[in-house]
Amino acid sequence: MSEKPTYKILVIKDGPYMVSGSVPLAVQVIGTNAEGGSWVWEEGPTLKAQDTCALCRCGHSGNAPYCDGSHARISFEGTEAAAHLPYAAQKETFAGPSLTLEDARPFCSDARFCDAVQASWDLVAQTNDPKARELLLHQVSRCPSGRLVVRDNASGEMLEPALEPSIGIVQDAAEKCSGPLWIRGGILVELQDGTSYEIRNRMTLCRCGQSKNKPFCDGSHIEARYKDGMP
């Protein structure tokens, strides 16, 4: 019996993300509804999986999403600033009649699925209505950063989307910019000193180089108008 692959992302000090374990890579485009709200994920081209690869996090590579050494040329300052706290220690809780919404604001990557039709924080109060419940689950499950999580009140179970370990290269069509790396399915993110962040089903890592919550995305790519140059 073959062993299950070990997936890991090592955050190199002032350098790239070193990805190991032949993690699948594919472009993921934020698709919008008729009103222009973030609504679906549209899968773009798949990139060839490699045993190991280096992904850019300085925002200057000419070979995105891969590193081309530009971090050294521009003297990239990639100091990690994110708190080493579990999700549970950073969340706020919004209880509704059948579902509870958990919100850890520091993880927000500004993908805007949370209020595509109606603000999720308002919807949770209406979850005795099947349509409101369905809409809340739709919006929250597509939040790439995992800032928002829905929990079933009766069972206490987190209602998480089933995601295979993979990395999405986010493109934000509505904002006409490139977004973060969407880390899916529970991949370890580790620093060079051996410390690591809590493994979560959904995370977003900065690749524009501008986040103030490195290595996580904080939505700075939108203000920076970051474009990775990928076709």
Side-chain angles (χ1 to χ4, degrees), residues 5-30 41-82 107 109-111 144-146 163-173 175-194 196-197 199-200 202-231:
T6 300
Y7 301 117
K8 184 169 81 170
I9 298 172
L10 180 63
V11 184
I12 303 300
K13 185 179 186 306
D14 299 330
Y17 301 111
M18 295 299 301
V19 181
S20 57
S22 296
V23 181
L25 293 167
V27 172
Q28 297 288 336
V29 181
I30 298 175
W41 285 103
E42 300 171 353
E43 185 156 334
T46 297
L47 285 66
K48 184 179 179 181
Q50 304 175 42
D51 289 341
T52 60
C53 67
L55 299 181
C56 175
R57 72 180 183 108
C58 74
H60 285 74
S61 174
N63 188 37
Y66 303 106
C67 170
D68 69 355
S70 291
H71 56 276
R73 174 176 57 82
I74 67 168
S75 299
F76 173 59
E77 173 56 62
T79 302
E80 294 73 42
F107 293 123
S109 61
D110 204 8
S145 69
L163 299 172
E164 292 295 320
S166 57
I167 296 175
I169 313 300
V170 174
Q171 303 294 341
D172 191 335
E175 291 290 344
K176 297 182 174 61
C177 67
S178 302
L181 297 175
W182 181 16
I183 313 305
R184 301 175 289 186
I187 298 175
L188 173 67
V189 176
E190 183 177 274
L191 305 183
Q192 279 192 292
D193 64 6
S196 60
Y197 293 98
I199 296 175
R200 296 185 291 120
R202 296 172 286 146
M203 296 189 289
T204 47
L205 297 181
C206 173
R207 67 188 183 106
C208 72
Q210 302 299 311
S211 174
K212 295 177 176 59
N213 193 41
K214 294 182 182 71
F216 300 110
C217 171
D218 67 357
S220 290
H221 55 276
I222 296 176
E223 183 177 353
R225 313 314 302 170
Y226 168 61
K227 294 184 179 179
D228 60 15
M230 292 181 69

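Legend: residues meeting ring-ring contact (aromatic ring centres under 6.0 Å, His included) with Tyr17, ordered by chain and number and at least two apart, are absent. Not counting sequence neighbours, the partners of Asp68 by the side-chain hydrogen bond (donor to acceptor under 3.5 Å, both in side chains) test are Ser70. Applying the ring-ring contact (aromatic ring centres under 6.0 Å, His included) test to Tyr197 and every residue at least two apart in sequence or in another chain returns His84, Phe216. Glu77 meets the side-chain hydrogen bond (donor to acceptor under 3.5 Å, both in side chains) test with Thr79; sequence neighbours excluded. By the side-chain contact (heavy atoms from CB on, under 4.5 Å) test, Cys56 is found to be paired with Cys58, Ser61, residues two or more places apart in sequence or in another chain being considered. For Ser75, the side-chain hydrogen bond (donor to acceptor under 3.5 Å, both in side chains) criterion is met by no residue, not counting sequence neighbours. Remark: Asp228 engages Arg207 in a salt bridge (Lys or Arg N to Asp or Glu O under 4.0 Å) (not counting sequence neighbours). With sequence neighbours excluded, the residues satisfying side-chain hydrogen bond (donor to acceptor under 3.5 Å, both in side chains) with Asp172 are Arg112.
Scanning all heavy atoms of the two residues, the minimum distance from Leu55 to Pro16 falls at O-CB, 3.2 Å. Scanning all heavy atoms of the two residues, the minimum distance from Ser109 to Cys217 falls at CB-SG, 3.4 Å. Pairing each heavy atom of Met203 with each of Ile187, the nearest pair is CE-O, 3.5 Å. The shortest heavy-atom contact between Tyr226 and Gly59 is CE1-O, 3.5 Å. His221 and Cys177 get closest at one heavy-atom pair: CD2-SG, 3.9 Å.
Two residues are said to be in side-chain contact when any heavy atoms from C-beta on lie closer than 4.5 Å; Leu47 and Pro65 meet this criterion. Counting only heavy atoms from C-beta outward, the side chains of Val11 and Arg57 approach each other to under 4.5 Å. Looking at Pro144 and Trp41, their side chains come closer than 4.5 Å, going by heavy atoms from C-beta outward.
Within the structure, the salt bridge (Lys or Arg N to Asp or Glu O under 4.0 Å) test picks out no pair touching residues 9-19 (sequence neighbours left out). Residue pairs satisfying the salt bridge (Lys or Arg N to Asp or Glu O under 4.0 Å) criterion with at least one member in residues 175-193, sequence neighbours excluded, are listed as follows: Lys8-Glu190, Glu175-Arg225. Residue pairs meeting the ring pair (Phe, Tyr, Trp, His ring centres under 6.0 Å) criterion with at least one partner in residues 42-81, sequence neighbours excluded, are absent.
Once rounded to the nearest 0.5 Å, the distance linking NZ of Lys214 with SG of Cys206 reads 5.5 Å. A distance of 12.5 Å separates OG1 of Thr204 from CD1 of Ile167, quoted to the nearest 0.5 Å. The distance from atom CG of Leu191 to atom OG of Ser196, rounded to the nearest 0.5 Å, is 8.0 Å. The distance from the SG atom of Cys53 to the CD1 atom of Ile9 is 9.0 Å, given to the nearest 0.5 Å. Note that CG of Leu10 is 5.5 Å distant from CD of Gln192, once rounded to the nearest 0.5 Å. In this structure, OG in Ser145 is found 7.5 Å from CZ in Arg202, a value given to the nearest 0.5 Å.
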Ignoring hydrogens and angles, write down the donor-acceptor pairs under 3.5 Å from the side chains of residues 20-30, residues two or more places apart or on other chains.
{"residue": "Ser22", "atom": "OG", "partner": "Asp51", "partner atom": "OD1", "Å": "2.9"}
{"residue": "Gln28", "atom": "NE2", "partner": "Glu43", "partner atom": "OE1", "Å": "3.4"}

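No option in Asp110, Ile169, Asp218, Val170 other than Val170 meets the side chain to side chain contact (heavy atoms under 4.5 Å, CB included) test with Pro180.
Residue-environment remark: CD (Glu223) stays at or below the threshold of 12 foreign heavy atoms within 6.0 Å.
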